Visitor: 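My structure is below; once you've seen it, I'll send some questions.
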Amino acid sequence: MKFKTLKFERNKNKIIAGVISVIAAIGLAIIIGRSFAFDNDENYLKTQTVDGLTFEKANIEYNQGVSKFTVEVYNDTEEKYNLKNISIEITKENGETVQLIAYIGEVIEKEEVKYLQASIDQDLKNSIKINYSINK
C-alpha cells in the first residue's frame, strides 16, 4: 500500500496537469460548439443563391396578424434574367410548410437588384428554413 502512495506522490503534478487539460479541452469544445450551433433567430434568413439569383437581407415582420416577408434579389449572371415569379417555401418550427408566390417583374437586368415582398395571414416569426424556386 505504501508503494502505491509513493507512486502517486511522484506523479501528482502530472495527474493534476492532465485533469486540468481535460477540463480545459471540454470547456473549449463547449464554447466552440455553441458558436457554430444553428441560431434559429437569424440563420434561416441567410444569403442564398439559386440559379444565378442571390437572395440577401431576408426579413420577416409580423404585425396585426400578417407576416410580411421581404428580400433583396440580385442578378449575378452575365445577362438579363427572364422569369415568371418566385416561389418561397417557408418551414415553420412545427414542420409545417407555407408556400408564398412573389412577382418582381419578368426581367432582371445584369447586376440589377429588385425587392421581393410577399405577405400571408400567419405568424412566420418562428420559421426555421427558407427555400426559393424560380419559375421561368
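The residues of the chain are indexed from 1 along the displayed sequence. Computed from a predicted structure; not experimentally measured.
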Visitor: The criterion is side chain to side chain donor-acceptor pair (under 3.5 Å); which residues satisfy it with Asn94, sequence neighbours excluded?
Guide: none
Visitor: CD/Gln99 to CG/Asn131 distance, rounded to the nearest 0.5 angstrom?
Guide: 9.5 Å
Visitor: Answer with yes or no whether the side chains of Thr97 and Thr91 bring together a donor and an acceptor at under 3.5 Å.
Guide: no
Visitor: Are Leu100 and Val50 connected in the hydrophobic side-chain network, where two residues link if heavy atoms are under 4.5 Å apart?
Guide: yes
Visitor: Nearest heavy-atom pair of Ile101 and Ala118: which atoms, and what distance?
Guide: O-CB, 4.4 Å
Visitor: When you measure from the side chain of Lys125 to the backbone of Ile60, do you find a donor-acceptor pair of N or O atoms at a distance under 3.5 Å?
Guide: yes
Visitor: To the nearest 0.5 Å, what is the distance between CG (Leu53) and CD1 (Ile86)?
Guide: 6.0 Å
Visitor: With sequence neighbours excluded, tell me which residues meet salt bridge (Lys or Arg N to Asp or Glu O under 4.0 Å) with Glu79.
Guide: none
Visitor: Specify whether Phe55 and Tyr132 have parallel, tilted or perpendicular ring planes, treating 30° as the upper limit for parallel and 60° as the lower limit for perpendicular.
Guide: parallel
Visitor: Start with the C-alpha distance between Tyr81 and Asp51, add both sets of side-chain angles, then the distance that settles side-chain contact (heavy atoms from CB on, under 4.5 Å), and finish with yes or no.
Guide: CA-CA 10 Å; Tyr81 196 100; Asp51 196 31; 2.5 Å; yes
Visitor: Between Gln48 and Ile130 (side chain of the first, backbone of the second, donor and acceptor by atom type, cut-off under 3.5 Å), is there such a pair?
Guide: yes
Visitor: Looking only at non-hydrogen atoms, find the nearest pair between Asn85 and Ala102 and report the distance.
Guide: CB-O, 3.3 Å
Visitor: So which atom in Lys68 and which in Ser119 form the shortest heavy-atom distance, rounded to 0.1 Å?
Guide: CG-OG, 3.9 Å
Visitor: Might you work through the side-chain contact (heavy atoms from CB on, under 4.5 Å) test for Lys92 and Leu124, ending with a clear yes or no?
Guide: CA-CA 7 Å; Lys92 294 181 177 184; Leu124 300 178; 3.7 Å; yes
Visitor: Examine the side chains of Tyr74 and Glu72 and answer whether a donor and an acceptor come within less than 3.5 Å of each other.
Guide: yes
Visitor: Taking atom CG of Leu83 and atom CD1 of Ile104, what is their separation to the nearest 0.5 Å?
Guide: 5.5 Å
Visitor: Tell me the closest heavy-atom pair linking Lys136 and Lys84, and the distance in Å.
Guide: O-CE, 3.3 Å
Visitor: Val113 and Ile134: same hydrophobic cluster, using ILVMFWY side-chain contacts below 4.5 Å?
Guide: no
Visitor: Please list, chain by chain and in numerical order, all residues satisfying side chain to side chain donor-acceptor pair (under 3.5 Å) with Ser133, sequence neighbours excluded.
Guide: none
Visitor: Kindly indicate, with the supporting measurements, whether the criterion side-chain contact (heavy atoms from CB on, under 4.5 Å) is fulfilled by Ile90 and Ile120.
Guide: CA-CA 11 Å; Ile90 300 176; Ile120 190 166; over 6 Å; no
Visitor: Nearest 0.5 Å, what's the CG-CD distance between Asp76 and Glu111?
Guide: 8.5 Å
Visitor: Check whether Asn75 reaches the backbone of Glu109 with its side chain - one donor and one acceptor, N or O, closer than 3.5 Å.
Guide: yes
Visitor: How far does CD of Glu93 sit from CG of Asn126, to the nearest 0.5 angstrom?
Guide: 4.5 Å
Visitor: Does Glu112, at its CD atom, have more than 12 non-hydrogen atoms belonging to other residues, nucleotides or ligands within less than 6.0 Å?
Guide: yes
